[in-house]
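Working notes, structure below.
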Amino acid sequence: MASISVKQIFTKATILGAGSDRLSLSESQIFCLLQISIHDLGWPYNEIGLPTNIEIPDTDYYKIPLEWFESFNDVPSMKELLEAFQLALNRDEDFGLYFSNLCSLHKRRLKYQIILSTQPKPTMDQIGPRGLLEYGINNKTLLSNWITWRKWIFDIDNRSGQETGYLFEPILASCLGGEPIGSTKSPVKRISSDGSQSDGARQIDCYVADDNSAYEFKLRVTIAASGQGRFAEELSYPKECRAAGLKPVLLVLDPTPSDRLAELKKAFIDSQGEVYIGNEAWGHIENKAGQIITVFIEKYLKVPLLDIATSEPTYPSEINLAWTSESITISDGAAEYKIKRK
């Protein structure tokens, strides 16, 4: 029989949000995510109490259609799924974090699909005045379509940034054995230009209590990564961490060199901090994570993030955007992405 703490871990893994925004994974989705987790680790299904006759469509989770996770009707009950989760924990307690992180990824992907399907089209009352800056320069119909599309895309991109932040930092922090700390609870205080400590506090991407480390995560640092004001804040972060008695640690996942990366690295070293870039960053994460969680890092973070980081086009290619009452279609002549609208 599962203990209360195991039930809490399981419940937290399968639910996102509260109230009207609550998203709960179904038995079918939980069953599929358990199957994928066990398959990733190469464990026998029967030892975990799961059916052995389920075929996973692809070994790459990101290539599995979201519809597949909801396609099973005859699946174990929630009680049986919890018991399977307990058996997996008995085999290795790190399975709890592995499964929880995979559920977090899946829930955020599901939520973003809901956002894409429900984000309202902006009205001319909202955006019409923006057209004055380009009115008369081009066709009126083209202009109204242009400002409508760009506002909707802007809104969607903001929501994407929020959801990615809610997902990425907690997952990476958990793999390092730490947790994110918001500015309201952070011990790291801002230091003003005269060297005095101000009342403002800095959020910490990952605080690890075991060695009193405060991590700063970066996918990539380029010359144009930040405005000058924002970059000045980034340079002051390691000094502020050291003043708070914490060890600043910079993790940059993509090794692309830049002057700003060199400057940021120097700021961390000058504050007796540590810097890990590229393969060293991934190696540091994996050393902290242990064998089970390293599998998750490789499959769900390292491979896709490096793939994204290295696929930046010199100039974006031509795409076509089409909006109907049923869907939004994005295509480039070779591929098509259809977003169902509600």
Side-chain angles (χ1 to χ4, degrees), residues 60-62 101 104-105 108-109 112 153-154 156-176 178-181 188 202-208 213-241 247-271 273-289 293-294 296-317 319:
D60 183 348
Y61 160 84
Y62 292 104
N101 281 343
S104 293
L105 174 62
R108 291 291 174 186
R109 283 165 67 84
Y112 192 59
I153 291 170
F154 172 83
I156 283 294
D157 190 59
N158 275 344
R159 299 293 300 275
S160 174
Q162 290 172 351
E163 293 300 319
T164 302
Y166 295 146
L167 168 71
F168 177 68
E169 289 179 5
I171 284 183
L172 196 53
S174 72
C175 292
L176 288 162
E179 61 180 352
I181 297 181
V188 179
R202 301 287 294 269
Q203 75 169 49
I204 302 173
D205 289 345
C206 172
Y207 170 66
V208 180
S213 296
Y215 284 80
E216 174 79 2
F217 298 148
K218 297 285 184 188
L219 177 57
R220 174 189 279 188
V221 179
T222 62
I223 293 174
S226 309
Q228 189 56 46
R230 172 63 180 146
F231 190 63
E233 283 201 351
E234 293 179 359
L235 291 175
S236 68
Y237 176 78
K239 185 186 298 183
E240 292 162 348
C241 287
K247 178 177 66 177
V249 183
L250 175 65
L251 275 184
V252 183
L253 301 180
D254 181 67
T256 303
S258 74
D259 291 342
R260 284 201 164 173
L261 175 56
E263 192 176 353
L264 191 58
K265 176 180 178 179
K266 182 178 184 300
F268 274 77
I269 298 299
D270 288 348
S271 294
E274 297 175 359
V275 176
Y276 300 95
I277 299 170
N279 287 333
E280 286 186 355
W282 289 111
H284 177 74
I285 297 167
E286 291 169 356
N287 287 337
K288 289 274 190 178
I293 306 304
T294 291
F296 181 88
I297 293 167
E298 285 284 336
K299 288 183 68 69
Y300 297 98
L301 298 181
K302 184 177 181 179
V303 170
L305 286 176
L306 289 181
D307 190 37
I308 292 168
T310 57
S311 61
E312 181 179 353
T314 303
Y315 298 103
S317 60
I319 62 170

task: Please list, chain by chain and in numerical order, all residues satisfying ring pair (Phe, Tyr, Trp, His ring centres under 6.0 Å) with Y300, sequence neighbours excluded.
output: Y61, F296
field: By side chain to side chain contact (heavy atoms under 4.5 Å, CB included) - contacts of K247 (at least two apart)
entry: D211, S213, R242, V249, E274
Non-hydrogen side-chain atoms of Y215 and I204 separated by less than 4.5 Å: no
N/O donor to acceptor pairs below 3.5 angstrom from side-chain atoms of residues 163-175, sequence neighbours left out:
{"unit_1": "E163", "atom_1": "OE1", "unit_2": "R108", "atom_2": "NH1", "d": "2.6"}
{"unit_1": "E163", "atom_1": "OE2", "unit_2": "K111", "atom_2": "NZ", "d": "3.1"}
{"unit_1": "T164", "atom_1": "OG1", "unit_2": "S160", "atom_2": "O", "d": "2.7"}
{"unit_1": "S174", "atom_1": "OG", "unit_2": "N101", "atom_2": "OD1", "d": "3.4"}
{"unit_1": "S174", "atom_1": "OG", "unit_2": "N101", "atom_2": "ND2", "d": "3.1"}
{"unit_1": "S174", "atom_1": "OG", "unit_2": "P170", "atom_2": "O", "d": "3.4"}
{"unit_1": "S174", "atom_1": "OG", "unit_2": "I171", "atom_2": "O", "d": "2.7"}

I285/L253 under side-chain contact (heavy atoms from CB on, under 4.5 Å): CA gap, chis, key distance, verdict: CA-CA 10 Å; I285 297 167; L253 301 180; 3.9 Å; yes
- prompt: Looking at CZ of R230 and CG of L235, how far apart are the two atoms once the value is rounded to the nearest 0.5 Å?
  reply: 10.5 Å
query: Got L251 and L176 here, is their nearest side-chain heavy-atom distance under 4.5 Å?
result: yes
field: side chain to side chain contact (heavy atoms under 4.5 Å, CB included) involving D270 - partner list, sequence neighbours excluded
entry: K266
message: Main chain of V303, side chain of D307: is a donor-acceptor contact present, judged purely on distance under 3.5 Å?
response: no
query: Does the side-chain contact (heavy atoms from CB on, under 4.5 Å) test come out yes or no for L250 and Y237, once each step is laid out?
result: CA-CA 10 Å; L250 175 65; Y237 176 78; over 6 Å; no
- prompt: Nearest heavy-atom pair of F231 and E263: which atoms, and what distance?
  reply: CE2-OE1, 3.5 Å
task: Check the surroundings of atom NZ in K299: do more than 12 heavy atoms from other residues, nucleotides or ligands lie under 6.0 Å from it?
output: yes
message: Restricting to non-hydrogen atoms, name the atom on L261 and the atom on P257 that form the minimum distance, rounded to 0.1 Å.
response: CD2-CA, 4.3 Å
- prompt: Has Y62 got more than 12 heavy atoms of other residues, nucleotides or ligands less than 6.0 Å from its OH?
  reply: yes
query: Is it true that atom CG of N279 has more than 12 heavy atoms of other residues, nucleotides or ligands lying nearer than 6.0 Å?
result: no
field: I319: partners by side chain to side chain contact (heavy atoms under 4.5 Å, CB included), with sequence neighbours left out
entry: L321, I330, D332
message: Applying salt bridge (charged side-chain N to carboxylate O under 4.0 Å, His left out), can you list everything that pairs with E280, at least two apart in sequence or on another chain?
response: none
- prompt: Hey, is R260 close enough to E234 for a salt bridge, meaning N to O under 4.0 Å?
  reply: no
- prompt: Closest heavy-atom contact between V252 and R220?
  reply: CG1-CA, 4.2 Å
- request: Go through S236 and R202 one step at a time and tell me if the side-chain contact (heavy atoms from CB on, under 4.5 Å) criterion holds.
  value: CA-CA 10 Å; S236 68; R202 301 287 294 269; 3.3 Å; yes
- line: When rounded to the nearest 0.5 Å, the distance separating CG of L264 from CG of D259 is 12.5 Å
